[in-house]
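Atoms within a ligand are numbered from 1 in the order they appear, just like the ligands themselves.
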Amino acid sequence: MKTFPELVQTLRETRNLPDPELKALLEHQGPDEVLFQAADETRREIYGDEVYIRGLIEFTNYCRNNCYYCGIRRDNKNAERYRLSQEEILDCCEEGYALGFRTFVLQGGEDPYYTDARICAIVTEIRRRFPDCAITLSIGEKTRESYQAFFDAGANRYLLRHETANDPHYRSLHPDGMQLSNRKRCLYDLKEIGYQVGSGFMVGSPGQTTECIIQDLRFLQDLQPDMIGIGPYITHPDTPFAACPSGSVDLTLRLVAVLRLMFPYALLPATTALGTLHPLGRELGLKAGANVVMPNLSPVSVRKLYELYENKICTGEEAAQCRGCLERRVDSAGYQIVTAIGNVKRESAGERG
Ligand code: SAM
Ligand code: FES
């Protein structure tokens, strides 16, 4: 078996490892510096020290789904529900644009109130008012026709984590009615339509094994997404998984670095979940190869209500200054926030709108 530095070197050179070597890398006990350094060098070769910012607008916490891990699941009767109006969403964009955001991410539960017509109207108006911005949707599983309609209205990116590529594991995280096959179908439809697509998974979700993670990496190799979002699973007390411990920061960081080496061109966020479990989680994420941060642009009054997990950061009164706070954090980690649309830099595809 190769040593840890040899595994890192091979992964860096070939962007791949056989399953047993990936397992050894993921389960390695000990300092990860060699891995982080290789990931950082790879990221700097392509993206320099640039960090892209995405303005996150969490516009509804109603959801028809009942994912066992999620704090805004349908059956959580303790969740206080809210929806933002089209005007409120546009106000968030307005404020974000003035702060230098050129990507707006509209994320929410699967809320039937937002029919395709309503989503299209919102997207159309954002596109009209902010023609130089990317519009990202993250609103779950829809039909291909719906995805096409949103795309035609002006949306150009879509985030939909596959959550786990292992079928039994997927079954244990979701009630009957949700299917891994449909999640995958959505992701391939989105790609075919022409979206820049983001997928990903939680690290340390209940029942996850190293084999599950390897399957996640294999699925991502097949999908070849433009963005890959991973963050630790974090407990929420009002879910069926209330007694399950949160995921590990160390394993999440190691996986960020592995993803950077396997997908050098990917846009990888240093996630809020990482920042929630460790005071410097996002800075560490950047140093491990991440190159995106997603500050919250939602009105401060609703931020606490979009509670996917306990102790979520950036939800208090100080949250209005997310942009400035993150700028300092990114700076302290040795990178710089840039006001750019921040498209994926692929070898062959070049920049896409
Ligand atoms: N409804 C959309 C969807 O399903 O893609 C977007 C909203 S959903 C809340 C966004 C992501 O939050 C999920 O893909 C999941 O990975 C993450 N998430 C949910 N509950 C979480 C938890 N307890 N800990 C960490 N991440 C969580
Ligand atoms: Fe729908 Fe979490 S269960 S967003």
For ligand 1, find out whether one of its N or O atoms is nearer than 3.5 Å to an N or O atom of [X].
{"X": "I234", "value": "yes"}
{"X": "E110", "value": "no"}
{"X": "S138", "value": "no"}
{"X": "Q107", "value": "no"}

**OP:** Examine ligand 1 and decide if any of its atoms is less than 4.0 Å from a heavy atom belonging to E163.
**Re:**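 Yes; E163 lies near enough to ligand 1 that a heavy-atom distance drops under 4.0 Å.
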**OP:** Would you please determine whether Y158 falls within less than 4.0 Å of ligand 1 on a heavy-atom basis?
**Re:**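 Contact absent.
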Check whether NZ of the Lys or CZ of the Arg [X] lies under 6.0 Å from the centre of the six-membered ring of [Y] and within 45 degrees of that ring's axis.
{"X": "R118", "Y": "Y113", "result": "yes"}
{"X": "R15", "Y": "F263", "result": "no"}
{"X": "R54", "Y": "F104", "result": "no"}

Subject >> Which of the ligand 1 atoms, numbered from 1, are nearer than 4.0 Å to a heavy atom of L160 >> reply: 5 (O)
Subject >> Subset of ligand 1 atoms that lie under 4.0 Å from at least one heavy atom of Y306 >> reply: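 Those atoms are 7 (C), 9 (C).
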Original post:
How about E50 and Y52: does a side-chain donor come under 3.5 Å of a side-chain acceptor?
Top reply: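 A donor-acceptor contact under 3.5 Å links the two side chains.
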Original post:
Between D40 and Y335, does any side-chain donor sit less than 3.5 Å from a side-chain acceptor?
Top reply: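 Indeed, the side chains of D40 and Y335 share at least one donor-acceptor pair under 3.5 Å.
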Original post:
Just heavy atoms, cut-off under 4.0 Å: does C63 contact ligand 1 by side chain, backbone, both, or neither?
Top reply: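 The answer is neither.
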**OP:** State plainly whether one hydrophobic cluster holds both I139 and I122, where clusters connect Ile, Leu, Val, Met, Phe, Trp and Tyr through side-chain heavy atoms under 4.5 angstrom apart.
**Re:** yes
Subject >> The one among G140, G108, G231 that brings a heavy atom closest to atom 1 (N) of ligand 1 >> reply: G108
**OP:** Select the closest option to atom 4 (S) of ligand 2 among N66, L308, I72, N76, judged by heavy-atom distance.
**Re:** I72
Subject >> Residue C67, metal atom 1 (Fe) of ligand 2, N/O/S under 2.8 Å >> reply: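 False for C67.
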